[in-house]
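Report on one structure; see the data block that follows.
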Amino acid sequence: MKNNFCKKRDKPVTRSWFNHWSNEYDRTLGSISFHRELLGLVVRNSGVKNGYKILDIGCGTGLLSLKLLRKTNCSIAGVDYSDEMIGIFKDKIKKLKLDDRVSVSLMDAYSLKFKKETFDKVVSSVALHHLKEDI
């Protein structure tokens, strides 16, 4: 598959940009009411049910995943390309004692390392628009 967004030379720049933004992400985008409404819309329309296994692509600091977890008794595997975003999400998971329901991994959306049919649903809120082709 041709990958137009994250060419090898762009990947370090992309990761650096998101790592830099990670400490401000929740205070900026996460605090905008329009974004919170968008996340609520994603959750309401997701069809997620109790017991579902969810993949959150571009999970960032966990804003969408945490909303899903509040709605249903599901489990989530979050992936993101920014190790700093993942670090923040892992801190939230620990603080909220969600270790048994959430796992987070540093992973490129173009190189997902999961077996087929592992998940009941795949969600994303602000990552897929960065990708130029199907993943």
Side-chain angles (χ1 to χ4, degrees):
M1 167 190 326
K2 186 177 177 187
N3 179 339
N4 291 325
F5 172 68
C6 285
K7 295 179 180 157
K8 281 190 176 186
R9 70 182 187 317
D10 295 335
K11 285 187 176 193
V13 173
T14 302
R15 180 174 281 156
S16 176
W17 191 86
F18 280 100
N19 280 342
H20 179 73
W21 190 27
S22 65
N23 289 324
E24 299 176 30
Y25 187 82
D26 287 353
R27 289 190 315 267
T28 57
L29 187 61
S31 69
I32 298 171
S33 62
F34 182 77
H35 182 69
R36 288 193 311 270
E37 290 171 17
L38 170 71
L39 296 177
L41 181 65
V42 172
V43 170
R44 283 191 304 280
N45 290 296
S46 68
V48 172
K49 298 178 182 174
N50 289 336
Y52 270 27
K53 294 178 182 174
I54 311 302
L55 173 62
D56 184 356
I57 297 176
C59 64
T61 63
L63 298 177
L64 176 58
S65 290
L66 293 173
K67 276 193 171 284
L68 285 164
L69 290 167
R70 281 194 281 284
K71 179 184 178 195
T72 62
N73 186 20
C74 62
S75 62
I76 295 180
V79 299
D80 201 282
Y81 195 58
S82 165
D83 49 341
E84 295 292 329
M85 292 273 197
I86 286 174
I88 291 168
F89 192 9
K90 284 182 177 181
D91 288 345
K92 290 179 184 181
I93 292 166
K94 185 176 179 181
K95 179 179 176 184
L96 296 170
K97 298 181 174 139
L98 293 170
D99 302 80
D100 59 332
R101 296 179 61 199
V102 185
S103 64
V104 186
S105 303
L106 180 65
M107 202 176 297
D108 183 338
Y110 285 103
S111 302
L112 297 174
K113 295 173 176 54
F114 299 104
K115 293 179 182 177
K116 288 186 178 193
E117 300 182 24
T118 297
F119 301 102
D120 298 297
K121 293 280 181 174
V122 177
V123 298
S124 183
S125 60
V126 293
L128 296 181
H129 66 278
H130 290 289
L131 306 173
K132 299 282 187 198
E133 297 182 19
D134 294 340
I135 54 173

Output, in order, the C-alpha distance, side-chain angles, deciding distance and verdict of side chain to side chain contact (heavy atoms under 4.5 Å, CB included) for Ser46 and Leu68. CA-CA 9 Å; Ser46 68; Leu68 285 164; 3.8 Å; yes

Close side-chain approach of [X] to [Y], heavy-atom, < 4.5 Å:
X: Cys74; Y: Leu69; answer: yes
X: Leu63; Y: Ser125; answer: no
X: Phe89; Y: Asp80; answer: no
X: Val48; Y: Lys71; answer: no

Reported [atom1]-to-[atom2] distance for the pair [X] and [Y], which is rounded to 0.5 angstrom:
X: Ile76; Y: Leu64; atom1: CD1; atom2: CG; result: 7.0 Å
X: Leu96; Y: Asp91; atom1: CG; atom2: CG; result: 10.5 Å
X: Lys116; Y: Thr118; atom1: NZ; atom2: OG1; result: 11.0 Å

Mind listing the closest non-hydrogen atom pair of [X] and [Y] along with its distance?
X: Arg44; Y: Glu37; result: NH2-O, 4.4 Å
X: Cys59; Y: Val104; result: SG-CG1, 4.0 Å
X: Thr61; Y: Met85; result: CG2-SD, 3.6 Å
X: Lys67; Y: Leu39; result: CD-CB, 3.6 Å

For residues 49-57, dump all side-chain donor-acceptor pairs below 3.5 Å to protein atoms at least two apart in sequence or in another chain.
residue : atom : partner : partner atom : Å
Asn50   : OD1  : Asn73   : N            : 2.7
Asp56   : OD2  : Ser65   : OG           : 2.6

Report the C-alpha separation of Leu98 and Leu66 in whole Å, then their side-chain angles, then the decisive distance to 0.1 Å, and conclude whether the side chain to side chain contact (heavy atoms under 4.5 Å, CB included) test is met. CA-CA 10 Å; Leu98 293 170; Leu66 293 173; 3.7 Å; yes

Are Val123 and Leu41 linked, directly or through intermediate hydrophobic residues, by side-chain heavy-atom contacts shorter than 4.5 Å (ILVMFWY only)?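 No, it is not one cluster - the side chains of Leu41 and Val123 are not joined through contacts under 4.5 Å.
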
Residues at least two apart in sequence or cross-chain that pass side-chain contact (heavy atoms from CB on, under 4.5 Å) with Lys95, listed by chain then number, are none

